[in-house]
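One is the number of the first residue; the rest follow in order along the sequence.
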Amino acid sequence: AAQDVAQCRVLTEEKFLEERPDTLIGSIEIEEKSVHAPSLDGASLRRQTVTCSVGVENCVGEMIANVGDCLHSDPAFLANTSRGTGRKPSKAMVTVQRAGDTLTVRNEGSGITTSAHPETGEPVIKTLFGKMRAGTNFDGADGEKRNPTAGRNGCGTAIVNILSDRFAVKVDDPGKGRFEIAWADGRSRVEKEKFSDRSPPKTGSVTVSARLKWGYFGMPGFTDDAWRLALRHVFDMAAYTGAKVRVRDGDDAKFDINLGKEPMLEYAKMHAGEGVAVAFDRVDSERGVAAFEVAAWLEAGEGASTTSGLVNGLRADEGKHAEFARKTILDAVRAEVKAARKKARSAGSDVVPPRLLEETVGVLVSVTLTNSQFDNQVKSRLKTTRSRWRLGGAAHPGWKPSAKFVKALKPVVDAVVARLDGVVERPKKVASKSRLGQKYPKYTGARHAGSKEKRMRCRLIVTEGDSAKAMALSGARSRDDKDF
């Protein structure tokens, strides 16, 4: 019995997080995965393989997701976004910077009060960022929050604080003053704490900086792959809030993210690729902020297609929102395919194989909820069932595909019909309209092929690979291309 008592340990929050990181940040394991991530200059979005600690990505995501909360809680922030104005924003409300191994996120708006918290007696900022389970997410009944937020348990940035060598917050409280605080060595000591009201700021802002314990995560520092994943969260936030974001990498390199007056649609176009048609629907809430946004497109390439998801601006590719959106879209495609084949009197079965649909449609979905519940603190999978979705104290409006959305699915429908009919869609560059050209995309027939008098002069050239084709054509060009 004495031995049993000795084995009973009482862990501090810091020690618990250190020994059980999987419960709060996923893990500290380094993983290699294929994701849609921005280029380092923010010019494009493409699928690429990145290597990074799971915990690092989640810590970065927590810092950036806090900005998305301002959309619903800060009128000054909302008023300078496309969500609040319906126009392309002109002022950068958010700045994100990588400087060495430190990430800094700053957002303009109303700031946070510099007053003392009534329970702790400490400044509210010190309580919010320095204590676990402290926040504004506990004021609703039955698990419903007052405002839609990415956070739920009041742990997010406090976790980042514990896992940082240095964590700092600076708040401008309009008309009152500026409060600054910095923790060091995983929140073990306060390195700096200062309040000044000598020159009260006219506008509000919140700036959060973190230099993670990179060695704890098994990483040498803020690598380019970790920065790519951070940029993906930044684009998520920009699409959700409609804010203009200034991104800095070091002291020199910088670019702006401005997705215009329809930010989620523009973000979907980046996922789909240049020139790909996108079907898009949006359901607005009573406040005018989108309650549900969804986009679909014809997915290029082989293998399973993309499903990207956001819940209150936080990256969550899996869960009830993604399942609901994808099933609704695939049902609509299936119905349109059957109607098209019936109209064309196509032979064969009208059954559309589920795998064919899965490989054909790319989806981006974003939902705003006040009662979002997830599998764990990492919040990668939404588990709140569709029938229980809530927003603004009422049932969530949900989504039903509009006629415009269904009409815009035509490229997807045409591709599925072509596959069912056994016809491989030809690349646009191929000019031949022969049956062989339709069946074999890289076949370009001789123009004299099949002619009555000159067909015997024609040659068929077969090569293995495009480089061999180029070599063959360089010699064949001495003859008339009508003959090969």
Handout entry: Carboxylate-amine/guanidinium proximity below 4.0 Å for R83 and D284
Key = no

Exercise for the section: Report the distance from atom OG1 of T328 to atom NZ of K400, rounding to the nearest 0.5 Å. Expected result: 11.0 Å

Handout entry: Backbone N/O of D249 and side chain of Q97: donor-acceptor pair under 3.5 Å
Key = no

Exercise for the section: Before giving the answer on side-chain contact (heavy atoms from CB on, under 4.5 Å), spell out for L382 and F324 the whole-Å C-alpha distance, their side-chain angles and the decisive distance to 0.1 Å. Expected result: CA-CA 11 Å; L382 179 71; F324 166 67; over 6 Å; no

Handout entry: Derivation and outcome, side-chain contact (heavy atoms from CB on, under 4.5 Å), residues L103 and W227
Key = CA-CA 9 Å; L103 175 67; W227 181 232; 4.0 Å; yes

Problem - Nearest heavy atoms of G218 and I30, plus distance in Å - result: O-CD1, 3.1 Å

Problem - Heavy-atom side-chain proximity of L212 to V160 below 4.5 angstrom - result: yes

Problem - Side chain to side chain, S366 and Y240, heavy atoms closer than 4.5 Å - result: yes

Practice task
Please answer whether the main-chain N or O of T384 pairs with a side-chain N or O of W389 as donor and acceptor at a distance below 3.5 Å.
Solution key: yes

Exercise for the section: May I ask you to test the P89-N80 pair for a side-chain heavy-atom distance under 4.5 Å? Expected result: no

Practice task
Work out which heavy atom in C52 is nearest to a heavy atom in E57; give both atom names and the distance.
Solution key: SG-N, 4.4 Å

Practice task
Please tell me if the side chains of F222 and V56 come closer than 4.5 Å, counting only heavy atoms from C-beta onward.
Solution key: no

Handout entry: D225 versus T223, side-chain donor and acceptor atoms under 3.5 Å
Key = no

Fill in the blank from the handout: Tightest non-hydrogen contact, residues L45 and P38, listed as CD1-N, 3.4 Å

Exercise for the section: Specify the closest pair of heavy atoms between S402 and D281, including all atoms of both residues, with the distance to one decimal. Expected result: OG-OD1, 2.7 Å

Handout entry: Rounded distance (nearest 0.5 Å) linking atom CD1 of I64 with atom CG of L231
Key = 8.0 Å

Exercise for the section: Could you tell me whether E358 and R326 have a side-chain N and a carboxylate O separated by less than 4.0 Å? Expected result: yes

Exercise for the section: May I ask you to decide if T368's main-chain N or O and H396's side chain share a donor-acceptor pair within less than 3.5 Å? Expected result: yes

Practice task
Working to the nearest 0.5 Å, report the span between CD of Q373 and NZ of K320.
Solution key: 12.0 Å

Handout entry: V60 side chain near L229 side chain, heavy-atom distance below 4.5 Å
Key = no

Fill in the blank from the handout: Rounded to the nearest 0.5 Å, the CG atom of L364 sits from the CZ atom of F280 at a distance of 8.5 Å

Problem - Within 6.0 Å of CD in E29, more than 12 heavy atoms from elsewhere - result: no

Practice task
Nearest 0.5 Å please: distance from the CZ atom of R246 over to the CE atom of M93.
Solution key: 13.0 Å

Practice task
Using a 4.5 Å cut-off on heavy atoms from C-beta on, say whether the side chain of V365 contacts that of W399.
Solution key: no

Exercise for the section: Take E262 and R282 through the salt bridge (Lys or Arg N to Asp or Glu O under 4.0 Å) test and state the conclusion after the steps. Expected result: CA-CA 10 Å; E262 199 69 87; R282 184 182 71 198; 2.6 Å; yes

Exercise for the section: Using atom types as modelled and distance alone, determine if a side-chain donor or acceptor of D317 lies under 3.5 Å from a backbone N or O of S308. Expected result: no

Exercise for the section: Would you sort out whether D236 and R232 count as a salt bridge (Lys or Arg N to Asp or Glu O under 4.0 Å), showing the intermediate values? Expected result: CA-CA 6 Å; D236 290 347; R232 184 170 73 144; 5.3 Å; no

Practice task
Using a 4.5 Å cut-off on heavy atoms from C-beta on, say whether the side chain of T207 contacts that of T104.
Solution key: yes

Practice task
Report the C-alpha distance between T370 and H72 in whole Å, list the side-chain angles of each, state the deciding distance to 0.1 Å, and finish with yes or no for side-chain contact (heavy atoms from CB on, under 4.5 Å).
Solution key: CA-CA 11 Å; T370 47; H72 307 284; over 6 Å; no

Problem - Check: S82 side chain, G260 main-chain N or O, donor-acceptor pair, under 3.5 Å - result: yes

Practice task
Could you tell me whether a side-chain N or O of R334 sits under 3.5 Å from a main-chain N or O of P354, the two making a donor and an acceptor?
Solution key: no

Problem - Side chain W214, main chain D101, donor-acceptor under 3.5 Å - result: yes

Practice task
Before accepting this row, confirm whether a basic side-chain N of the pair R228/D224 lies closer than 4.0 Å to the acidic partner's carboxylate O.
Solution key: no

Exercise for the section: Answer yes or no: is there a donor N or O on one side and an acceptor on the other, between the side chain of N312 and the main chain of L369, under 3.5 Å? Expected result: yes

Practice task
To the nearest 0.5 angstrom, please state how far the NZ atom of K170 sits from the OG atom of S205.
Solution key: 7.0 Å

Exercise for the section: Search all heavy atoms of P353 against all heavy atoms of L420 and return the closest pair with its distance. Expected result: CD-CD2, 3.9 Å

Handout entry: Carboxylate-amine/guanidinium proximity below 4.0 Å for R386 and E323
Key = no

Exercise for the section: Check step by step if side-chain contact (heavy atoms from CB on, under 4.5 Å) holds for F167 and V208. Expected result: CA-CA 8 Å; F167 185 90; V208 181; 3.5 Å; yes

Practice task
Examine distances only and state if a side-chain atom of N371 and a backbone atom of R388 form a donor-acceptor pair shorter than 3.5 Å.
Solution key: yes

Practice task
Classify the angle between the aromatic ring planes of H271 and W297 as parallel (below 30°), tilted (30 to 60°) or perpendicular (above 60°).
Solution key: tilted

Practice task
Kindly indicate whether the side chain of V105, heavy atoms from C-beta on, has any atom under 4.5 Å from the side chain of N66.
Solution key: no

Problem - Side-chain donor-acceptor pair present, H36, R47, cut-off under 3.5 Å - result: yes

Handout entry: Closest non-hydrogen atom pair, A408 against V278
Key = CB-O, 4.4 Å

